[in-house]
Amino acid sequence: MNKEKSIRLIAYLVLVFVLLIGVAAFLLLPPVPGKKEGAIIGLSGWYFVWGLWYQRKKDSLNLRVALEYLLVAVFGAILLFSLI
Amino acid sequence: MKKKIRKIQRLFVPSSANNYRAQLLHLPSLVAIVFVFLMIQSGLSLVRFAQPAVLGYSSQISPEKIVELTNQERASLGLEKLKINDHLNEAARRKAADMFALNYWSHNSPTGREPWSFFKEVGYDYLYAGENLARDFFSPEGVVSAWMNSPTHKENLINSRYQEIGVAVVEGELEGLQTTLVVQLFGTPVKTIAQQEPAIQEVIPGEQIYALTEESQLEKGVLPKLESASLYQNRSEPVSPLTITKMAAIFVLGLLIGVLLVDRSIASKKNISRLVGDNWAHISFLVVILVAVLLFRSGSLLESIASL
C-alpha cells in the first residue's frame, strides 16, 4: 500500500470515527434544549471541515467542491434538526 | 418516451450529457433537494398548526408504569421505593392542566407561578420537593430512560431524600399541537399530610375536567381541553409528525446514497476523473445521518427542578 492510499484510509477512518461519536452524542444526549443542537452543529461542522481538509490534501479543492461539502453538511443538519 | 428515459438516466448516471456527474449531485439539484425538504417541513408545521387533531402524538404512557420504572431505577441503586401519594398525583394533574390552560412548556407559568404552589394547593406540606417534566414521548420506558440520561433529572429520580411520588400523564393541545405531557412530582412530607381531600375534582363522562379552586390559575381562563391518556385508546391514532419527517428523510437519504453509489461505480468503471467531492465521504456522512434518523426517538425534557 503506498503512502497516499494509507493516508486516505486513515482519513476515512478518522471521519467515520468522529461521525459515529457525533451521532452517538445526538442519540444519547438528553433532549434538553441546546444539547442535541450542539451535537448536530458539531457533526455537520466536522464533516464540512474534514471535507475541505481532505480535498486540499488531494489538491482538488475549489469553490464548487467546497460548496458541495457545505450543502451535504447543511442537508444533514436540517434532517437532524427536523427530528428534534 | 426515449427522451424521458434519457432525462431520468441523466439524473442518476454520469455521462457526457451531465458533465460526468449524476445530475442529482450537481449543486443546483442539491439546493433543490434541501429546499424541497424544507418545504415539506414547513407544510407539516402548517398542518400541525391548522389541524392539530390530524397530526399529533399518541402515547401509551401510564402514570403507574412511570412510577414502576422509577422505582426499578431506584431499587437497582439500593434506594427505597417511592410511595404513590394521591395529593402529589393531584398536584401533578393540576400542573399539567395549568400548562395546557395557559399554553406554556416550562416549570414556571407565564404568570410567575412556581411548581411548589401546586403542592400547597392540594395541601401537601413538603420538606423536600422536585419536579420532572417531559412531553411527546411514546412510551414510559422512553421517558424514564431520557430522564436517567439527563444528570439533573436523574438527580431527582434517585434522590434518597424523597419518599413519595405523584405522576400525571395528560393529553391535550399545547402550542397548537396534540401533546402528551408527563409531570412527575417528588416530595417528602413535613409530617403526616392533613386529612383534607385534595380540592374537588369533577369527572364528566367522556372527558376529564378539573374543577376550579379559589387560588387556581385555571379560574382566570377557559377550562383546558384535558383528556386522560386512557381515553385516547379507543380513538383512531393521530399521525405522528415525527413519523412523516422520518419517512421523508429516509426517502431522500436513500435516494442520495443510491445516486452516490451508482455515480461512483460508473465513474470508477469508466475511469472518469472529475474534480468533485468525495462520494465515499458523502456516503459515510449520509449513512450516519440515516442511522440517527432510524434510531431517533421523540420527546423533550425541561431541566429538572428541586427544592431541597
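Chain letters run A, B, ... following the sequence lines, proteins first and then strands; every chain starts at 1.
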Heavy-atom closest pair, residues [X] and [Y]:
{"X": "B:T245", "Y": "A:S82", "answer": "CG2-OG, 3.2 Å"}
{"X": "B:A292", "Y": "A:L27", "answer": "O-CD2, 3.7 Å"}
{"X": "A:L83", "Y": "B:F296", "answer": "O-CE2, 3.2 Å"}
{"X": "B:F285", "Y": "A:G76", "answer": "CE2-CA, 3.9 Å"}

- Task: Working to the nearest 0.5 Å, report the span between CG of B:L295 and CG of A:L28.
- Result: 9.5 Å
- Task: Could you grab the distance from atom NE2 of B:H26 to atom CG of A:L71, nearest 0.5 Å is fine?
- Result: 13.5 Å
- Message: Heavy-atom pairs under 4.5 Å with chain A: which of B:V252, B:L30, B:L256, B:L275 has the most?
- Response: B:L275
- Checking B:V31 against chain A: side chain, backbone, both or neither under 4.5 Å from a heavy atom? both
- Sort B:F37 into side chain, backbone, both or neither according to what part of it lies under 4.5 angstrom from a heavy atom of chain A. side chain
- Message: Other residues, nucleotides and ligands only: do more than 12 of their heavy atoms fall within 6.0 Å of CH2 on A:W46?
- Response: yes
- Message: Check this for me: A:F81, atom CZ, are more than 12 non-hydrogen atoms of other residues, nucleotides or ligands nearer than 6.0 Å?
- Response: yes
Chain B heavy atoms under 4.5 Å from [X]: which part of the residue, side chain, backbone, both or neither?
{"X": "A:L79", "value": "both"}
{"X": "A:F75", "value": "both"}
{"X": "A:L19", "value": "both"}

Between [options], who has the most heavy-atom pairs with chain B when the cutoff is under 4.5 Å?
{"options": "A:V23, A:V72, A:V16", "answer": "A:V72"}
{"options": "A:L61, A:L43, A:V65", "answer": "A:V65"}
{"options": "A:Y69, A:W50, A:Y47", "answer": "A:Y47"}

- Given side-chain hydrogen bond (donor to acceptor under 3.5 Å, both in side chains), test A:Y12 with B:D278 step by step and report yes or no. CA-CA 11 Å; A:Y12 278 128; B:D278 190 275; 2.5 Å; yes
- Close side-chain approach of B:R21 to A:E68, heavy-atom, < 4.5 Å: yes
